[in-house]
J.: 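Would you mind keeping the following structure in view while I ask a few things?
Because the structure is a prediction, the values reported are computed rather than measured. Sequential numbering from 1 along the given sequence is applied to the chain's residues.
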Amino acid sequence: MSLPRKKQAEIERVLKRVQEGIIEFDNIWEKVRWQPGKRKGWGTLYVKITLQKVRKAATPNLKEKYEGDLKKEIKKLQRYRDQIKSWASSSEITDKRPLLQARKDVERVVAI
């Protein structure tokens, strides 16, 4: 039995948003990892990427911006993960591979 079109469209929309959220999260991490240096655009690589490094950002404004952006993306991805979990546990969905892969991807990001 196939899923109703409305539910299938909702699942596809959430999976797309998960991928977009992961890309956005990765972009924010790149901003955290590479802070502009004083020499013609050279950056300083932070050795360990953690929220502690975000707290040591160059300025308080950057610190607050990065923390807020990261927290917002994490919360959004966690909501999507919870929705994916409920769909994956549902018996009406037969092919759960995309859901399980998206869940793994979200957990990888949230674990950072």
Side-chain angles (χ1 to χ4, degrees):
M1 182 171 114
S2 68
L3 288 173
R5 288 184 183 177
K6 186 176 180 181
K7 185 157 202 140
Q8 182 64 35
E10 183 181 2
I11 290 172
E12 290 173 3
R13 186 174 59 249
V14 168
L15 292 177
K16 182 179 177 183
R17 287 182 181 165
V18 165
Q19 292 306 315
E20 291 170 352
I22 290 172
I23 290 169
E24 180 64 26
F25 185 87
D26 289 341
N27 288 339
I28 295 168
W29 270 124
E30 286 301 314
K31 291 175 187 175
V32 171
R33 288 176 57 194
W34 292 95
Q35 293 292 327
K38 295 181 180 177
R39 297 185 195 165
K40 299 182 185 178
W42 287 91
T44 304
L45 175 63
Y46 288 132
V47 177
K48 191 175 182 183
I49 304 173
T50 62
L51 285 175
Q52 292 173 348
K53 296 297 179 184
V54 174
R55 292 183 182 108
K56 293 181 182 179
T59 64
N61 291 338
L62 279 178
K63 171 190 158 187
E64 291 173 14
K65 180 182 183 320
Y66 291 151
E67 282 181 346
D69 291 347
L70 289 173
K71 286 178 184 179
K72 182 179 78 172
E73 287 301 318
I74 287 173
K75 286 180 183 181
K76 187 186 330 177
L77 289 170
Q78 287 174 334
R79 282 194 308 269
Y80 291 144
R81 182 188 60 188
D82 293 339
Q83 181 64 48
I84 289 170
K85 278 182 185 180
S86 68
W87 285 331
S89 65
S90 172
S91 62
E92 65 185 54
I93 299 175
T94 55
D95 186 17
K96 298 180 182 186
R97 287 177 297 183
L99 295 173
L100 297 177
Q101 183 61 43
R103 182 177 165 196
K104 281 184 192 177
D105 294 342
V106 169
E107 288 173 351
R108 174 192 61 85
V109 169
V110 173
I112 291 177

J.: Do the non-hydrogen side-chain atoms of Glu12 and Lys16 ever get within less than 4.5 Å of each other?
T.: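 They are not in contact (no side-chain heavy atoms under 4.5 Å apart), so the answer is no.
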J.: Between NZ of Lys76 and CD1 of Ile22, what distance do you get to the nearest 0.5 Å?
T.: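 Answer rounded to 0.5 Å: 11.5 Å.
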J.: Which atom names give the shortest non-hydrogen contact between Ala102 and Leu15, and what distance separates them?
T.: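 Looking at all heavy atoms of both residues, the closest pair is CB-CD2, 3.5 Å.
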J.: State the CD-CH2 distance between Glu92 and Trp87, to the nearest 0.5 angstrom.
T.: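 Glu92 atom CD to Trp87 atom CH2 measures 11.0 Å (nearest 0.5 Å).
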J.: Measuring from Ser86:OG to Leu99:CG, what's the distance to the nearest 0.5 Å?
T.: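 Going from the OG atom of Ser86 to the CG atom of Leu99 covers 9.0 Å.
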J.: Judged by atom type as modelled, is there a donor-acceptor pair below 3.5 Å linking the side chain of Lys85 to the main-chain atoms of Arg103?
T.: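 Such a contact is absent between Lys85 side chain and Arg103 backbone.
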J.: Are the side chains of Arg13 and Arg17 in contact, using a 4.5 Å heavy-atom criterion?
T.: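 In contact.
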J.: Nearest 0.5 Å, what's the CD-CG distance between Glu20 and Leu77?
T.: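 The CD atom of Glu20 sits 11.0 Å away from the CG atom of Leu77.
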J.: So, using side-chain contact (heavy atoms from CB on, under 4.5 Å) as the criterion, who are the partners of Arg97 when residues are at least two apart?
T.: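 Testing Arg97 for side-chain contact (heavy atoms from CB on, under 4.5 Å), a comparison that skips the adjacent residues, returns Asp95.
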J.: If hydrophobic clusters are built by linking Ile, Leu, Val, Met, Phe, Trp and Tyr wherever their side-chain heavy atoms come under 4.5 Å apart, do Val110 and Tyr80 end up in the same one?
T.: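 Val110 clusters together with Tyr80.
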J.: Nearest 0.5 angstrom please: Gln101 CD to Gln19 CD, how far?
T.: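 Here the rounded value is 8.0 Å.
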J.: Which of these passes side-chain contact (heavy atoms from CB on, under 4.5 Å) with Ile84: Val14, Asp105, Ile11, Leu100?
T.: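 Running side-chain contact (heavy atoms from CB on, under 4.5 Å) over Val14, Asp105, Ile11, Leu100 with Ile84 returns exactly one hit, Val14.
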